[in-house]
Amino acid sequence: MISLKYYILERKRSFILIGTVILLLAAVSVFLLLTKKTITVSDGSQEITVTVYGFATASDAVAKSGLALEPYDQLNMQLNTILKQNDTVLVVYDALTPTQELIAEQQQQQLQESQAAQAEQAAQAAAAVQTVQPETATVSSGNTVQTSVGSLSYSDVINVVATAYDPSSCYPYAGTSTASGTAPEEFRTIAAWQGLPFGTKVYIPYFDSAPNHGIFIVEDRGGAITENKIDIFFDSNQKALQFGRRTLQVYILN
């Protein structure tokens, strides 16, 4: 028969154990309450608000937002940065490192056109535009597309993944020169894959209402610009972030 003394001792141990568990749970709850943070994650085209706790990092916030990072994507802070209340984590798509830009430069030098072709491309660097309003073009028969400036003849129409870049990401050119030797200009300059030679004109219906009427010139390259992918130059980092990443229809003009 269990003695009364033993029974009381076991009961006391149980109370101590239960009390310890309650204290631990209370401590964890207080810690989470005191370290609760509201964070904004933005990729330029959308803003997602997430709640994190404790020593959560920028990587934790991006993962919780549901945005997927690809190899060339970067943030406005280190992935292991411990977040503070009301921090904003910006996702910059396809941001290239200096080493990658140098590799891209070497690749483009091997593919540069003759001096005469480069001079012709430089002469075409004329139009300056400021605003953009999306608009859809209609395709007419005979390989022509109807635009705000009339019918344009094209050789091919494709869907591409379009990203944006700005002078701050033009290392080593620092925003003063493209891989083709021209000065980059907003709503004229795009970077494309090697299959589109420098000087190729393209029409992008998304920009049809802009002063350039959606017509761009291939003047640049990039280490992350693979086939069916383009990078559009904007004159400020804020505009590039606002554009973000989009799937656009592109007409290769004759």
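Just the heavy atoms: all of them, side chains too, but no hydrogens, waters or symmetry mates, feed the values below.
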Flag side-chain contact, heavy atom, 4.5 Å: [X] against [Y]:
X: Ser155; Y: Tyr251; answer: no
X: Val41; Y: Leu90; answer: no
X: Asp166; Y: Lys239; answer: no
X: Ile158; Y: Asn228; answer: yes
X: Thr247; Y: Val160; answer: no
X: His213; Y: Thr147; answer: no

What are the two closest non-hydrogen atoms of [X] and [Y], and how far apart are they?
X: Ser236; Y: Pro167; answer: N-CD, 4.4 Å
X: Ile204; Y: Ile232; answer: CD1-CD1, 4.5 Å
X: Ile225; Y: Ala192; answer: CG2-C, 3.4 Å
X: Leu83; Y: Ala61; answer: CD1-CB, 3.6 Å
X: Ala240; Y: Ala164; answer: O-CB, 3.6 Å
X: Gln249; Y: Val157; answer: CG-CG2, 3.7 Å

With distance as the sole criterion, is a donor-acceptor pair present between the side chains of Ser59 and Thr57 under 3.5 Å?
no
Are [X] and [Y] near enough that their ring centres are under 6.0 Å apart?
X: Phe216; Y: Phe207; result: yes
X: Phe187; Y: Phe233; result: no
X: Tyr203; Y: Tyr154; result: no

Mark yes or no for whether [X], through its side chain, and [Y], through its backbone, hold a donor-acceptor pair below 3.5 Å.
X: Thr49; Y: Thr40; result: no
X: Asp220; Y: Ile190; result: no
X: Thr200; Y: Leu196; result: no
X: Ser29; Y: Leu25; result: yes
X: Lys37; Y: Gly54; result: yes

When rounded to the nearest 0.5 angstrom, what is the spacing between [atom1] in [X] and [atom2] in [Y]?
X: Tyr165; Y: Ile230; atom1: OH; atom2: CD1; value: 10.5 Å
X: Thr178; Y: Ile217; atom1: OG1; atom2: CD1; value: 10.5 Å
X: Asp231; Y: Thr163; atom1: CG; atom2: OG1; value: 3.5 Å
X: Phe55; Y: Asn80; atom1: CZ; atom2: CG; value: 14.5 Å
X: Arg188; Y: Glu219; atom1: CZ; atom2: CD; value: 4.0 Å
X: Trp193; Y: Arg221; atom1: CH2; atom2: CZ; value: 9.5 Å

Set of residues satisfying salt bridge (Lys or Arg N to Asp or Glu O under 4.0 Å) with respect to Lys84, sequence neighbours excluded:
Asp87
Quick one: list whatever passes salt bridge (Lys or Arg N to Asp or Glu O under 4.0 Å) with Asp60, sequence neighbours left out.
none
Would you verify whether the NZ or CZ of Arg246 falls within 45 degrees of the ring axis of Phe243 while also being under 6.0 Å from that six-membered ring's centre?
yes
Please determine whether side chain to side chain contact (heavy atoms under 4.5 Å, CB included) holds for the pair Ile215 and Leu152, giving the CA-CA distance in whole Å, both sets of side-chain angles, and the decisive distance to 0.1 Å.
CA-CA 10 Å; Ile215 299 173; Leu152 297 177; 4.0 Å; yes
Determine, using the 4.5 Å side-chain heavy-atom cutoff (strictly less than), whether Val149 and Leu253 are members of one ILVMFWY cluster.
no
Checking Glu47 against Ser42 for the side-chain hydrogen bond (donor to acceptor under 3.5 Å, both in side chains) test, could you report, in this order, the C-alpha distance in whole Å, the side-chain angles of both residues, the deciding distance, and whether it holds?
CA-CA 4 Å; Glu47 291 187 352; Ser42 173; 4.5 Å; no
Flag if over 12 foreign heavy atoms under 6.0 Å of CD, Gln242
yes
Go through the steps to decide whether Thr51 and Ile39 satisfy the test side chain to side chain contact (heavy atoms under 4.5 Å, CB included), and finish with yes or no.
CA-CA 6 Å; Thr51 300; Ile39 305 298; over 6 Å; no
